Amino acid sequence: MTAARVLDHVFGAPPIAGGLFDVDASGAPFLMGGHCDQCDRYVFPYSESCPACLSGMKHVRLGGEGVIYSHTTVRTKPPYGLPQPYSVAFIDLNDAPLRIFALLDHSMAGGFRIGDRVKLKVGVIGHDGEGDPRARGYFTLKDSR
Amino acid sequence: MTAARVLDHVFGAPPIAGGLFDVDASGAPFLMGGHCDQCDRYVFPYSESCPACLSGMKHVRLGGEGVIYSHTTVRTKPPYGLPQPYSVAFIDLNDAPLRIFALLDHSMAGGFRIGDRVKLKVGVIGHDGEGDPRARGYFTLKDSR
Amino acid sequence: MAAAYIIGASTTAFGPQPEKSIVSLGRDAALAALSDAGVDSASVNMGFFANVFGPLLFGDTTIGQDVFGAIGVQRAPIINIENACTSGSSAFHLAVQAIEADAADIVVVVGAEKMCVPTLGLVGGGQSDYASRNGMAAPVGFAMRAARHMHEFGTTLQQFAAVTVKSRAFAAKNPLAQFRKPTNVEEVLAGPMIADPLTRAQCCPIADGASAIVVASEKAARANGARAVRVNASVLTSGESVSAPDIVRWGTDIRTCALAYEKAGVGPDDVDVAECHDAFSISEILHYEALGFCAAGEGGRFVESGASAPGGRKPVNPSGGLLSRGHPVAATGVAQISEIVLHLRGEAGARQTPDAKVGVAQCMGGDKDGDTKSCTVVVLSR
Amino acid sequence: MAAAYIIGASTTAFGPQPEKSIVSLGRDAALAALSDAGVDSASVNMGFFANVFGPLLFGDTTIGQDVFGAIGVQRAPIINIENACTSGSSAFHLAVQAIEADAADIVVVVGAEKMCVPTLGLVGGGQSDYASRNGMAAPVGFAMRAARHMHEFGTTLQQFAAVTVKSRAFAAKNPLAQFRKPTNVEEVLAGPMIADPLTRAQCCPIADGASAIVVASEKAARANGARAVRVNASVLTSGESVSAPDIVRWGTDIRTCALAYEKAGVGPDDVDVAECHDAFSISEILHYEALGFCAAGEGGRFVESGASAPGGRKPVNPSGGLLSRGHPVAATGVAQISEIVLHLRGEAGARQTPDAKVGVAQCMGGDKDGDTKSCTVVVLSR
Ligand SMILES: [Zn+2]
Ligand SMILES: [Zn+2]
């Protein structure tokens with residue numbers, strides 16, 4: 001079984017891109033990114049070299065929890081077969097000093113607020129631009145409301 | 001009957017672009033182009049303004065005969081569904097001081113020489129880039145060899 | 001360093017123009033700008049052509065040579081520029097640089113765009129981009145800026161809507177604008193939601209259109225007399241990548257405006273009229289703050305006060321801006337500068353800013369890492 | 001006018017590189033050029049990025065900001081350039097102009113292209129063009145030039161083939177070239193015919209690749225010491241539209257070379273080494289004549305004499321040129337200049353031109369009305 005097939009098996013479809021997320025032994029998803037040892041800088045998604053000092057970056061886990069910094073719900077015709085409507089956010093991660101862009105849980109699209117605590121999930125959402133289903137990471141409320 | 005349908009009827013398919021060629025009362029095809037009254041300049045294809053002096057240009061007939069200035073035969077996979085191989089040329093027109101680029105008769109592709117006297121024909125050759133057949137002007141030998 | 005002047009400017013109508021090609025739009029604007037400048041094609045030493053969607057929508061490349069060929073400019077150097085929404089103002093920046101390098105006396109800048117075709121989807125980054133593939137598109141980043149601006153500064157939906165209301169009030173006075181019917185806050189808010197909290201009237205419409213400017217050296221500008229407009233500063237910057245971008249105190253925007261003021265030796269109080277990149281209602285509010293027309297966070301209250309409206313003390317986007325005039329991407333940056341030129345010359349008709357001496361055109365474009373890819377600020381004076 | 005110098009240059013391997021993106025190709029070249037110059041990202045005042053096929057093949061636009069972001073250049077002005085085959089040399093032209101305008105001390109030019117994908121067809125104009133829709137494509141115009149050159153000047157098939165033979169002989173000495181196996185006239189002529197009389201080995205291969213150059217002011221170049229190369233002239237022109245173009249006495253090519261010589265104050269006899277735009281065998285023959293290396297019509301006999309070959313008195317395309325190194329369109333113009341830099345520094349390894357003091361890089365691109373859309377000639381010296 002190739003790596004791609006493993007992910008396909010775990011997530012129900014191949015991920016929209018490699019190296020964005022994975023699951024730990026308990027099945028909990030986490031984000032993957034890069035870390036620079038020279039200047040202690042984190043990035044998501046992973047990039048080969050640090051944007052600040054150009055040193056090579058290490059692959060690191062970025063956890064799967066954060067707090068919504070801002071968000072919106074997109075109600076026009078979505079790209080990549082995303083749900084209509086779909087919500088997205090900038091999220092401040094708990095485990096790394098990073099504000100990242102990510103999808104929110106579309107089953108509660110429009111129901112998020114700045115400051116909400118959220119956790120990562122992975123599901124088959126939308127396609128790859130050519131109609132083939134893809135697994136994407138998205139954040140949902142950590143606490144029930 | 002619209003103008004486009006008339007041309008369709010005469011040539012067997014709509015022309016690849018409007019205003020390039022037409023037929024006279026006897027059924028003989030001729031090229032159409034532009035002429036500038038200010039500086040006596042001809043152009044093909046027609047353009048609204050003279051490339052030399054920017055005056056408005058008149059629509060004029062450019063005849064249908066000329067002499068091959070140079071030519072080639074393209075043997076790779078052709079664009080726009082053109083025949084494989086197809087021949088093209090720069091042709092010095094008899095009735096206007098113009099050297100124009102044009103298709104040559106593909107039934108004798110590779111059989112042309114510099115200095116050959118040629119005359120215009122119109123036929124359904126290739127498509128419009130999306131698979132719909134189109135009429136194109138092409139030149140064939142004026143005299144049998 | 002040689003000084004640069006604007007001696008000619010012209011903009012076509014913006015909006016769907018199905019019968020026009022990119023080349024014919026560009027030609028129309030360029031010929032009108034040359035005629036406005038009173039110079040002929042043979043005097044043009046260099047040309048810059050800005051366009052974004054030609055390759056994507058029509059497979060056309062190297063279009064500038066066709067546009068300049070159509071206006072009778074032959075042999076002179078011509079370069080095609082793409083820089084997202086700042087394509088036109090980046091081309092202008094290079095034209096000014098050519099004058100400053102003493103490489104030319106007369107340089108023509110043309111921005112032209114044809115977007116009103118069925119094949120144009122939601123405008124976003126390319127397929128190689130993580131954010132684009134996860135739902136980032138033109139309105140999305142700005143909708144999140146709007147939500148955060150409300151959260152931090154108490155900006156209201158009514159204040160966002162006021163940007164559009166003001167925009168339409170100006171556009172009613174500009175015959176070349178696309179949306180010229182006056183509106184009100186209730187109507188703006190009642191429209192369909194595009195991306196919360198931005199309703200449709202708070203998002204700029206696409207358009208076909210072109211704009212052109214003739215830039216000249218001091219020597220060549222002399223013949224133009226009092227109509228010549230001085231380029232006091234043209235600043236182009238790029239965004240940066242930081243770990244946690246502050247999306248409502250926009251560093252790149254603030255920094256670029258400050259740099260332009262410094263270079264021109266003026267401050268926000270000296271500005272009589274401004275055009276800014278109001279792609280969305282929230283954009284204009286953020287640009288008020290970056291341009292120093294009000295304090296950080298005060299943009300919503302600034303527009304609500306009427307200060308930027310017709311008759312206000314600091315008119316912004318008298319052309320109607322992107323929101324009402326429309327946004328043919330590569331034409332926009334040139335059209336903004338052209339609009340300021342009209343006001344400085346006293347030729348802006350019903351929307352003329354009284355006694356305008358100093359004007360600013362701000363533009364930005366392209367999403368990258370929560371910042372913009374590119375930002376331009378031009379300061380002009382008479 | 002401030003003088004411009006080249007203080008760093010680097011080119012990636014050319015050829016299919018499926019694992020590399022446009023951004024990673026551009027980054028590799030740019031980092032190597034910075035390292036070659038001994039300057040860091042923070043010193044870069046401005047960046048130009050040249051690319052043609054990103055929008056057409058991948059829907060990517062405004063790529064330069066991603067490339068410069070990847071090499072740590074933030075905030076500095078970055079502009080994306082497209083000018084057909086002269087995209088890279090047009091970007092270089094603007095970098096020199098920025099130095100001449102005193103707008104920057106260090107400007108980086110990157111040209112990068114990714115073409116080796118199944119979706120790339122025969123390269124031609126867009127769908128709006130009469131000639132393209134009637135069979136004009138990259139090899140077609142040049143094949144007709146070749147046929148006419150044979151007719152008027154008695155040039156032979158063997159002389160055309162000699163261009164490719166010479167090209168492979170040089171490429172054998174360039175580890176970064178795509179086709180490095182020596183060949184002979186018989187083999188070249190025995191290959192499949194693309195467009196009469198041009199066989200496949202007389203048409204340049206597409207490629208993925210990138211090249212980058214660091215341009216500096218006199219002040220910034222001083223730190224680079226004797227390795228700095230002086231830019232004596234950078235000339236960019238456009239073609240013209242005439243009623244009956246002479247396709248074998250190429251006005252635009254001839255005029256642009258003459259203008260560059262005049263600006264640099266040198267003549268053909270002063271040139272020790274040249275790169276030219278040998279997209280097809282006939283191209284190089286025409287460029288010999290335009291560059292004044294031989295009389296009009298004598299290009300075929302010139303190459304047959306061995307004058308332009310390794311060890312010849314006037315080495316042309318020591319890199320292997322487009323025919324053997326490959327032609328990643330927007331990288332080519334930068335790579336040609338980079339190659340000349342190596343020779344002037346005495347760092348060209350096995351293909352070094354002995355004691356090279358003056359070098360020329362000629363480039364052209366885009367078909368229009370039987371002429372080229374754009375032509376560049378750069379003269380460098382040490
Ligand atoms: Zn670092
Ligand atoms: Zn005329």
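Lettering follows sequence order; numbering is per chain, from 1. As the structure is a prediction and not an experimental result, all values here were calculated from the model.
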Flag the pair [X] / [Y] as yes when at least one side-chain heavy-atom distance between them is below 4.5 Å, and no otherwise.
{"X": "D:Asp196", "Y": "B:Phe112", "result": "no"}
{"X": "B:Phe101", "Y": "D:Asp367", "result": "no"}
{"X": "B:Val88", "Y": "D:Met136", "result": "no"}

Chain D heavy atoms under 4.5 Å from [X]: which part of the residue, side chain, backbone, both or neither?
{"X": "B:Ile16", "value": "both"}
{"X": "B:Pro45", "value": "side chain"}
{"X": "B:Phe44", "value": "side chain"}
{"X": "B:Ile125", "value": "neither"}
{"X": "B:Ala102", "value": "both"}

Which residue out of [options] racks up the most heavy-atom pairs below 4.5 Å with chain B?
{"options": "D:Ser241, D:Pro197, D:Pro192", "value": "D:Ser241"}
{"options": "D:Ala131, D:Gly141, D:Gly370", "value": "D:Ala131"}
{"options": "D:Asp369, D:Asp246, D:Val248", "value": "D:Asp246"}

Pick one of side chain, backbone, both or neither for D:Ile247, based on which atoms fall under 4.5 Å of a heavy atom in chain B.
-> both
Quick one: closest heavy-atom pair of B:Leu82 and D:Asn134, and the distance?
-> CD1-C, 4.1 Å
Of all heavy-atom pairs between D:Arg133 and B:Arg136, which one has the smallest distance, and what is that distance?
-> O-NH2, 2.8 Å
Hey, which residues of residues 145-153 of chain D are touching chain B, say heavy atoms under 4.5 Å apart?
-> D:Ala147, D:Arg148, D:His151, D:Glu152
Is the number of heavy atoms from other residues, nucleotides or ligands under 6.0 Å of D:Gln158 CD greater than 12?
-> yes
May I ask you to decide if D:Ala195's main-chain N or O and B:Arg75's side chain share a donor-acceptor pair within less than 3.5 Å?
-> no
With chain D, which of B:Asp92, B:Leu93, B:Leu103 has the greatest number of heavy-atom pairs at distances under 4.5 Å?
-> B:Leu103
Under 3.5 Å, is there a donor-acceptor pair linking the side chains of D:Ser243 and B:Arg41?
-> yes
Distance (rounded to the nearest 0.5 Å) between D:Ile194 CD1 and B:Thr72 OG1 = 10.5 Å
Drop me the distance from B:Thr76's OG1 to D:Arg200's CZ, to the nearest 0.5 angstrom.
-> 9.5 Å
